[in-house]
S.K.: 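Sending over a structure as structure tokens; questions will come in a sec.
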Amino acid sequence: MERLLDKEIVDKISATVRVTSNFDPELFQKMNVKRGLRNEDHTGVVVGLTKVGDVVGYERSEDGKLTPIPGKLIYRGISLEDIVRGTQKENRLGFEEVVYLILSGNMPNKKELKEFSELMSCIMDLKPKIVMHILDLVGNDIMNYLSRCVLELYTFDDKPDETTPENLIRQSLNLVATFPTIIAYAHNALRHSNGKSLHIRHPQSNLSLAENFLYMMKGHHYTQLDVKILDLALMVHADHGGGNNSTFTVRVTSSTGTDTYSAIAAGIGSLKGPLHGGANLKVIDMMKNIKTNVKDWTSVEEVDAYLLKILNKEAYDRTGLIYGIGHAIYTISDPRTMLLKEMARELAIEKGREEEYNFYKLLEERAILNFMEKKGKNVNKQVCANVDFYSGFVYDMIGLPQEIYTPLFAMARIVGWCAHRIEELNFKQKRIIRPAYKNAADIKEYIPIADRK
Ligand SMILES: CC(=O)SCCNC(=O)CCNC(=O)[C@H](O)C(C)(C)COP(=O)(O)OP(=O)(O)OC[C@H]1O[C@@H](n2cnc3c(N)ncnc32)[C@H](O)[C@@H]1OP(=O)(O)O
Ligand SMILES: O=C([O-])CC(=O)C(=O)O
């Protein structure tokens, strides 16, 4: 009886919300509202300055016209591709170097990198009490575990609210170093709650962040190729300028002067969404759906027909979206996708999964073409595969479970979040971020309760 009453109230209020949260589409143009903080040509409204990173997907000529160009991602002035190629050529890992670069603004020399890497491995361990709390958490979503755990770290910090650069750097290094531990332990706890044995392995001071993560997850059951691939994934996800939704969330929250843990927990919440970092999970789920509905994985006709169904909201989750495709800035290509795709190809050959790789490749090509045919031309939007398109496939090939795909994104992006938070709090001309919403509701008179129908 009580539940029934609840339902009535909920249904009644939901019915009104359906009406009140609807806007005449023309109002946005009429009132000059930048929907999603985006200009008419899909570019983002400029809301700040940053020296952390840059994301380039087009060139703008003097007359304001946009020309799509191959995507570039720049960390502190240096191209990500050059950093990746540099470490690959020298046959070494690169995530620690990227962390140092993004947080400090400078590339470390050999000695600095060695000392920094040693420090990072040494501070990966969690306090026993936090470990016990992770084991005690209830739930099955590791992103949710992660944000709760980050909020809890506030209580274990002697200076949680202090925003001096020294304190922010101390907190940032601790967060970067402990995210892998929290995620691995949360995963182990989740496995345990599903009837498997519980392993809590302490991070080792002689291992890199990527290697320690694999060690804490799987013991010694990983290869150096797995380490290399995870390290690359961490490098490519580490930062994406100030405007991506989670980093902007961290900047918005930080601009109030709140503590590091509150701001980072907000960023984690943002990244979890299926339109942002959560898309790496959606891609896997969508691929499963496509694989069962497309019988011939080499048939362009069959693939096109199914993709059209997805775009027409007749298949998969009926949102009309093809996950892993499209980007707010990149047009012709996302440089991270190119690097991950290269890895996916190498791995697929090694693991005998070429048929699946070719299917991904075909879907990427046909999704772009079908989107452009059906929608892109009308809305003047060019799309490419984004970083989330191949990442899950790569993780799957190195034996990582799906529930940690989005947490892995957070494990890398914590670097960018911290760097942007520090920048937001330390530039002298800072202001609380506070945009405006135009009222679109009618003004009504207050009616005393006795006179209401
Ligand atoms: C790490 C990351 O966050 S990368 C992005 C991960 N997200 C995804 O892969 C989800 C699928 N992709 C998308 O939803 C979008 O491409 C986004 C969210 C990434 C970027 O979106 P926006 O910048 O808002 O795109 P934009 O507004 O310029 O798009 C124009 C139109 O194309 C549509 N569109 C964009 N991408 C797609 C897509 N993958 N499938 C179908 N339609 C799409 C938009 O819905 C929009 O249609 P509308 O005008 O009818 O609403
Ligand atoms: O820049 C964006 O909007 C999303 C993205 O690719 C990222 O955050 O890595």
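In listed order, ligands and their atoms are each counted from 1.
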S.K.: What atoms of ligand 2 come closer than 4.0 angstrom to any heavy atom of Phe409?
M.R.: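 Checking each atom against Phe409, I get 9 (O).
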
S.K.: Ignoring hydrogens and geometry beyond distance, is a side-chain donor-acceptor pair present between Arg251 and His420 at under 3.5 Å?
M.R.: yes

S.K.: Asp41 and salt bridge (charged side-chain N to carboxylate O under 4.0 Å, His left out): which partner among Lys34, Arg60, Lys65?
M.R.: Arg60

S.K.: Quiz question: by atom type and distance under 3.5 Å, do the side chains of Thr247 and Asn244 form a donor-acceptor pair?
M.R.: yes

S.K.: Within the side chain of Ser270, is there an N or O that forms a donor-acceptor pair under 3.5 Å with the backbone of Ser246?
M.R.: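 Looks like yes, one N/O pair under 3.5 Å.
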
S.K.: Within a distance under 4.0 Å of any heavy atom of Arg336, pick out the atoms of ligand 2 and give their elements.
M.R.: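 Every atom of ligand 2 under 4.0 Å from some heavy atom of Arg336: 5 (C), 6 (O), 7 (C), 9 (O).
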
S.K.: May I ask you to identify the nearest protein heavy atom to atom 4 (C) of ligand 2, giving residue, atom name and distance to one decimal place in Å?
M.R.: His327 NE2, 3.5 Å

S.K.: Strictly by ring-ring contact (aromatic ring centres under 6.0 Å, His included), give each pair with a member in residues 312-350 just once, sequence neighbours left out.
M.R.: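 Found His240-His327, His240-Tyr330, His327-Tyr330.
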
S.K.: Do the rings of Trp297 and Phe359 sit parallel, tilted or perpendicular, given the 30° and 60° boundaries?
M.R.: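 Because their plane-to-plane angle is under 30°, the rings of Trp297 and Phe359 count as parallel.
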
S.K.: May I ask you to check whether Asn245 has an N/O atom sitting below 3.5 Å from an N/O atom of ligand 2?
M.R.: no

S.K.: Determine yes or no for a side-chain-to-main-chain donor-acceptor pair under 3.5 angstrom, with Thr406 supplying the side chain and Lys272 the backbone.
M.R.: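 Looks like no, no N/O pair under 3.5 Å.
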
S.K.: Would you call Phe156 and Ile130 a side-chain contact if the rule is heavy atoms closer than 4.5 Å?
M.R.: yes

S.K.: Looking only at protein heavy atoms, which one is nearest to atom 7 (C) of ligand 2, and what is the separation?
M.R.: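 Its nearest protein heavy-atom neighbour is His240 ND1, 3.4 Å.
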
S.K.: Using a threshold of 4.0 angstrom between heavy atoms of the protein and any atom of ligand 1, which residues qualify?
M.R.: Arg38, His42, Leu275, His276, Ala279, Leu311, Gly320, Leu321, Ile322, Tyr323, Gly324, Ile325, Gly326, His327, Ala328, Phe371, Lys375, Lys381, Asn386, Val387, Asp388, Phe409

S.K.: Measure up the Tyr357 and Tyr390 rings against each other and bin them: parallel (under 30°), tilted (30 to 60°), perpendicular (over 60°).
M.R.: tilted

S.K.: Considering the heavy atoms of Arg413, write down every atom of ligand 2 situated less than 4.0 Å from one of them.
M.R.: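 Ligand 2 atoms under the 4.0 Å threshold to Arg413: 7 (C), 8 (O), 9 (O).
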
